[in-house]
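Before any comments, here is the structure.
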Protein chains: 2
Amino acid sequence: MNYSRQREIIYSTLKENVVHPTAEYLYSVLKEKEPNISLATLYRNLNQMAEKGLIKKIDGLESASHYDHNTHEHYHFICKKCKRVFDISSDVAPQIVVKTEKETGFEIDSYDIVFSGLCKDCFEGIKEDK
Amino acid sequence: MNYSRQREIIYSTLKENVVHPTAEYLYSVLKEKEPNISLATLYRNLNQMAEKGLIKKIDGLESASHYDHNTHEHYHFICKKCKRVFDISSDVAPQIVVKTEKETGFEIDSYDIVFSGLCKDCFEGIKEDK
DNA sequence: CTCATAATTGATAATCATTCTCATTTTATA
DNA sequence: TATAAAATGAGAATGATTATCAATTATGAG
């Protein structure tokens, strides 16, 4: 993997943003720093970095994938109402992997947990913006 | 929800198939029993039935969604090599929900766990067909 | 430093899965 | 049985992502 300015900017933008952006949202932010960047370049680099384990691709949230610079063991919660994505940490989860591997004989190299429901704000009726 | 022959056939076809088909695959099977069925009808009904809880839509496996007639608590494993989807049952999983709800104050109404890796056959080098 | 090769880019076309539209048909019910 | 609501089939439209390809940029050997 050779150096590229675009990749650097994509990675740093993803890091600076606390959220879990979709490619589309990320693109709109990137355009400000790098007006000529192509959407294809963005997707290419997100896929590359996800493959190398530099970032994480989150599927199953919405029709579009979200991307996460946090590669530590954690999961996600999407609020059905405000559509915000929250990080969830769990120390129970790793047990599932060990147990499942033992029971099935499968080699699990990754897994993901996606929760959905209402976040605290929406649950309490305190509506916030998306 | 009114009765429709097409919905009945979609549901029974999904039940008869042990696998976790994509809409595309299901469509190819359906065509034999109901040659004039429209792809739109299939998607419409799959979504409807998933909403009613009659079936389950599985995302995060591949780019296309898979559908499952098994609505009992269980999870899925997709083999990176043969792409087959396996059921995984876990009694550890429910704990995660309780714990997460307590810690976050969120109202979790659904969650999904997707494992990926190599199934036993592929892991052992016994290559089988997709 | 300079060339050759490989990697990367931007622009845009193409693809894939899914949803939408709408005129027609079917179902439920008063 | 008439009527309203629900469902259908066909195909157009959409949204997200990937593929193509010529031009640009990075890298490494000499």
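Reminder, nothing fancy here: chain letters follow the sequence lines and each chain counts from 1.
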### Task
Find the distance A:Glu51:CD to D:dT17:P and express it as a whole number of Å.
15 Å

### Gap between atoms CD1 and P, on A:Ile37 and C:dT12 respectively (whole Å)
16 Å

### Task
To the nearest Å, give me how far apart NZ (B:Lys31) and C1' (D:dA10) are.
10 Å

### Message
Tell me if a side-chain donor or acceptor on B:Gln6 pairs with a main-chain N or O of B:Ile37 at a distance below 3.5 Å.
### Response
no

### Task
Ignoring backbone atoms, test whether A:Gln6 places a side-chain nitrogen or oxygen under 4.0 Å from the OP1 or OP2 oxygen of C:dG10.
yes

### Task
Specify the separation, in whole Å, of atom CG of A:Leu26 and atom P of D:dA16.
14 Å

### Nearest-Å distance for atom pair CD1/C1', residues A:Ile9 and C:dT9
13 Å

### Query
Taking protein heavy atoms under 4.0 Å as touching, what does nucleotides 17-30 of chain C look like 5' to 3' if B marks base contact, S marks sugar-phosphate-only contact and - marks none?
SBBBB-----SS--

### Task
Send over the distance from B:Asn36 CG to D:dA7 C1', rounded to a whole Å.
15 Å

### Message
Tell me the closest heavy-atom pair linking B:Cys79 and B:Cys119, and the distance in Å.
### Response
SG-N, 3.4 Å

#### Entry: Integer-rounded Å distance: D:dG15 C1' and A:Leu42 CG
15 Å

### Task
Please check the phosphate of D:dA10 (OP1 and OP2 only) for any side-chain N or O of B:Ser38 closer than 4.0 Å.
no

### Query
Atom CG in B:Leu26, atom NE2 in B:His66: separation rounded to 0.5 Å?
11.5 Å

### Message
Nearest whole Å is fine: how far is D:dT18 C1' from A:Asn45 CG?
### Response
14 Å

## Note on the structure
When rounded to the nearest 0.5 Å, the distance separating CD1 of B:Ile113 from OG1 of A:Thr100 is 8.0 Å

### Task
Using the side chain to side chain donor-acceptor pair (under 3.5 Å) rule, take B:Asn17 and B:His69 through it: C-alpha gap first, then chi angles, then the decisive distance, then the call.
CA-CA 9 Å; B:Asn17 281 266; B:His69 70 269; over 6 Å; no

Side-chain donor-acceptor distances from residues 89-99 of chain B under 3.5 Å, at least two apart:
residue: B:Ser90; atom: OG; partner: B:Val92; partner atom: N; Å: 3.0
residue: B:Ser90; atom: OG; partner: B:Ala93; partner atom: N; Å: 3.2
residue: B:Asp91; atom: OD1; partner: A:Lys99; partner atom: NZ; Å: 2.8
residue: B:Lys99; atom: NZ; partner: A:Asp91; partner atom: OD1; Å: 2.7
residue: B:Lys99; atom: NZ; partner: B:Glu103; partner atom: OE2; Å: 3.3

